Amino acid sequence: MLIKRPKGTQDIIPGTIEKWHFLEEQIRKICQEYGYQEIRTPVFEATELFQRGVGETTDIVNKEMYTFLDKGQRSITLRPEGTASICRAYVENKLYAQTLPVKLYYLGPMFRYENTQAGRYRQFHQFGIEVLGVENPLVDAEVIQLLWDFLQRLGLQGLEVHINSVGCSHCRAVHREKLQTFLEDRKDKLCSDCQSRLERNPLRILDCKNKNCQALTVEAPTTLDTLCPDCQEHWESVQHYLKMGDISFKINPKLVRGLDYYQKTAFEVMAKGIGAQSAICGGGRYDGLVEEIGGPSTPGIGFAVGLERILAAMQSQKIEIECTDKTSVMVAVLGDKARQVGFQLANQLRQRGIIAFMDLMGRSLKSQMKYADRVGSRYVLILGEEELEKGIIIVRDMKLGDQKEIAKADLIEFIQNIDSSEFEI
RNA sequence: GUGGAUGUGGUGAAGCGGUUAACACACCGGAUUGUGGCUCCGGCAUGCGUGGGUUCGAGUCCCAUCAUCCACCCCA
């Protein structure tokens with residue numbers, strides 16, 4: 001093997017692609033039901049978009065971006081997530097001039113330069129939704145509701161929805177100070193990562209995985225402790241609506257998303273069965289992001305789910321994705337003349353919307369039968385010299401193991417109206 | 001970026017210094033003239049990730065390198 005696929009990428013081949021089709025169908029269906037419209041943005045953007053949008057202090061921007069210079073010396077980055085691009089598109093296409101809210105969904109590949117492991121890839125796929133223009137906490141609940149609904153429809157069990165409020169920029173500033181004061185005394189005991197976080201982004205210390213740091217932050221002030229009256233009201237309202245929606249959620253005051261743009265509501269969904277990874281979805285509110293990108297002050301909220309992780313969770317829970325094979329017709333021929341007639345026949349069948357194909361390998365009749373069996377064709381049309389002379393075609397039902405002679409002139413109609421009872425003795 | 005495991009045909013895998021690299025599945029072909037699923041027979045690795053080295057001799061030992069998987073960090 002001379003050339004292999006790049007690390008962390010995947011070929012989705014027949015046998016697996018059906019699962020993706022199924023997921024994609026479910027996504028489109030539920031989004032339509034909730035009144036969301038699809039948006040497609042480029043898979044690469046100006047690097048600056050993510051630096052500003054996702055945030056300079058994040059891991060994504062610091063170490064995970066696929067960045068390169070194009071031939072015009074522009075710094076380009078393969079999108080590591082969807083929200084920044086969508087806010088950019090919202091501003092660039094002046095969607096804010098349309099009836100609000102703007103409710104969008106997207107589906108496609110994202111890129112992050114990381115070392116791979118179970119449930120983690122360099123090219124992976126996300127489905128996400130974004131609602132722009134709504135401050136009302138009702139939308140926070142609706143977004144989580146859609147998410148929950150989606151996951152339930154897939155049949156996933158044992159999921160945990162964690163939610164938190166990280167407050168607005170005002171309460172964040174208050175919290176930041178309190179937290180820094182609190183941690184200042186214990187600075188020496190923090191891990192080296194957290195020591196540098198203390199200055200740049202102390203909030204992230206709260207969800208450090210280091211056991212030491214976790215112990216140190218047990219008593220630390222959380223964002224929930226320092227919410228301003230507005231944020232507090234919003235937070236309570238979100239919970240109220242969620243309870244109405246019959247969603248079981250856990251309040252996790254230590255939940256801090258890895259992206260800088262989140263404000264107020266933040267949430268994650270955890271699942272088992274995807275290796276050391278557990279998050280299958282993350283989301284939250286990003287009220288300042290559109291403005292940051294140069295648009296009008298616009299509230300926003302959304303989430304993104306990892307499709308590979310959804311599929312992994314489904315597989316570990318043994319949730320079968322049904323792939324119904326459509327009935328197909330295989331045209332088996334014997335001899336050159338028959339092949340030509342068969343070629344036309346297959347064409348005619350396809351014109352009527354029937355799945356029909358021939359052997360392309362020049363196989364013997366026996367092998368053609370075998371092939372039809374392998375690929376699961378329900379019917380085989382057998383056409384040889386004899387049949388040509390008599391002006392008939394043999395129609396064999398592979399499932400019942402019966403066959404019938406049909407006049408060539410009647411064949412198309414016969415296949416179209418086929419009913420397996422025709423073959424029963 | 002760091003650590004661990006593994007690398008033999010399409011797949012799963014034997015082989016653990018010595019003639020032509022087991023076996024199973026898959027695939028292809030055949031078992032009297034034109035018919036699948038069962039059975040039987042036959043075919044299918046000039047090579048054991050790659051490059052060095054040790055040795056009379058290496059898939060089998062040593063070194064390097066690459067790749068894959070898993071884990072840390074973080075996230076989808």
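Atom set for the values below is all heavy atoms of this structure, side chains included, hydrogens, waters and symmetry mates excluded. Reminder, nothing fancy here: chain letters follow the sequence lines and each chain counts from 1. In this text the structure is predicted, and so the values were computed from the model without any measurement.
- Note on residues 7-25 of chain A: no pairs pass side-chain hydrogen bond (donor to acceptor under 3.5 Å, both in side chains), not counting sequence neighbours.
- For B:A76, the OP1/OP2 oxygens have no side-chain nitrogen or oxygen of A:Arg122 closer than 4.0 Å.
- Look at A:Gln117 and you'll find a side-chain N or O under 4.0 angstrom from OP1 or OP2 of B:A71.
- At a threshold of 4.0 angstrom between heavy atoms, the contacts of A:Gln368 with the nucleic acid are absent.
- Counting only distance, with no hydrogens or angles, the side chain of A:Glu160 and the backbone of A:Met270 share no donor-acceptor pair below 3.5 Å.
- A donor-acceptor contact under 3.5 angstrom links the side-chain atoms of A:Arg309 to the base of B:C75.
- Residue contacts for A:Ala118: at a heavy-atom cut-off of 4.0 Å it reaches the sugar-phosphate backbone alone, with no base atom in range.
- Scanning for side-chain hydrogen bond (donor to acceptor under 3.5 Å, both in side chains) contacts around A:Ser316 gives an empty result, with sequence neighbours left out.
- Sorted by first and then second residue, the side-chain hydrogen bond (donor to acceptor under 3.5 Å, both in side chains) pairs with a member in residues 146-159 of chain A read A:Glu33-A:Arg153, A:Tyr34-A:Asp149, A:Asp149-A:Arg153; sequence neighbours excluded.
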Pick out the pairs of N or O atoms, protein on one side and nucleotides 25-31 of chain B on the other, that lie under 3.5 Å.
from: B:C27; atom 1: OP1; to: A:Arg374; atom 2: NE; distance (Å): 3.2
from: B:C27; atom 1: OP1; to: A:Arg374; atom 2: NH1; distance (Å): 3.4
from: B:C28; atom 1: OP1; to: A:Arg363; atom 2: NH1; distance (Å): 3.4
from: B:C28; atom 1: OP2; to: A:Arg374; atom 2: NH1; distance (Å): 3.1
from: B:G29; atom 1: OP1; to: A:Ser367; atom 2: OG; distance (Å): 3.4

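- A:Arg79 comes within contact range of no nucleotide atom at all, as no heavy-atom separation falls under 4.0 Å.
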Pairs: protein N or O with nucleotides 8-10 of chain B N or O, under 3.5 Å:
none

Pairing string, 5' to 3', for RNA chain B - Watson-Crick or wobble contacts under 3.5 Å, brackets [ ] where pairs cross, | to another strand: ((((((((.[[[..)..(....]]].(((((.......))))).....[[[[[..)....]]]]])))))))....

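- A:Thr217 places no side-chain N or O within donor-acceptor distance of the main-chain N or O of A:Ala220, the cut-off being under 3.5 Å.
- For A:Gln277 and B:C74, the CD to P distance is 12 Å, given to the nearest whole Å.
- Residue pairs that meet the side-chain hydrogen bond (donor to acceptor under 3.5 Å, both in side chains) test with at least one member in residues 331-351 of chain A, sequence neighbours left out, are A:Asn347-A:Arg350.
- Residue A:Lys7 places at least one side-chain N or O under 4.0 Å from the OP1 or OP2 atom of B:U68.
- Going from the C1' atom of B:G53 to that of B:A58 covers 12 Å, rounded to whole Å.
- One donor-acceptor pair, N or O on each side, does fall under 3.5 Å between the base of B:U35 and the side chain of A:Gln403.
- Among the heavy atoms of the strands lying under 4.0 Å from A:Leu334 is at least one base atom, whether or not backbone atoms are also near.
- Applying the salt bridge (charged side-chain N to carboxylate O under 4.0 Å, His left out) test to pairs two or more places apart or on separate chains, none has a residue in residues 123-134 of chain A.
- In this structure, A:Phe127 has its ring center under 6.0 Å from that of A:Phe303.
- Residue contacts for A:Ile60: at a heavy-atom cut-off of 4.0 Å it reaches no nucleic acid atom on any strand shown.
- Heavy-atom distances under 4.0 Å link RNA chain B to A:Arg112, A:Glu114, A:Asn115 of residues 103-115 of chain A, given in residue order.
- Within the 4.0 angstrom heavy-atom criterion, no nucleotide atom of any strand lies near A:Gly128.
- When the side-chain contact (heavy atoms from CB on, under 4.5 Å) test is applied to A:Ile319, the partners found at least two apart in sequence or on another chain are A:Leu156, A:Met314, A:Gln317.
- Within 4.0 Å (heavy atoms only), A:Glu387 reaches at least one base atom of the nucleic acid.
- Side-chain atoms of A:Asp373 and base atoms of B:G37 include no donor and acceptor less than 3.5 Å apart.
- Under the side-chain contact (heavy atoms from CB on, under 4.5 Å) criterion, A:Thr67 pairs with A:Thr47, A:Met65, A:Ser75, A:Thr77, sequence neighbours left out.
- For A:Glu308, the salt bridge (Lys or Arg N to Asp or Glu O under 4.0 Å) criterion is met by no residue, not counting sequence neighbours.
- In this model, no side-chain donor or acceptor of A:Gln126 finds a partner on the base of B:C75 within 3.5 Å.
- Here A:Gly401 lies in heavy-atom contact (under 4.0 Å) with a base.
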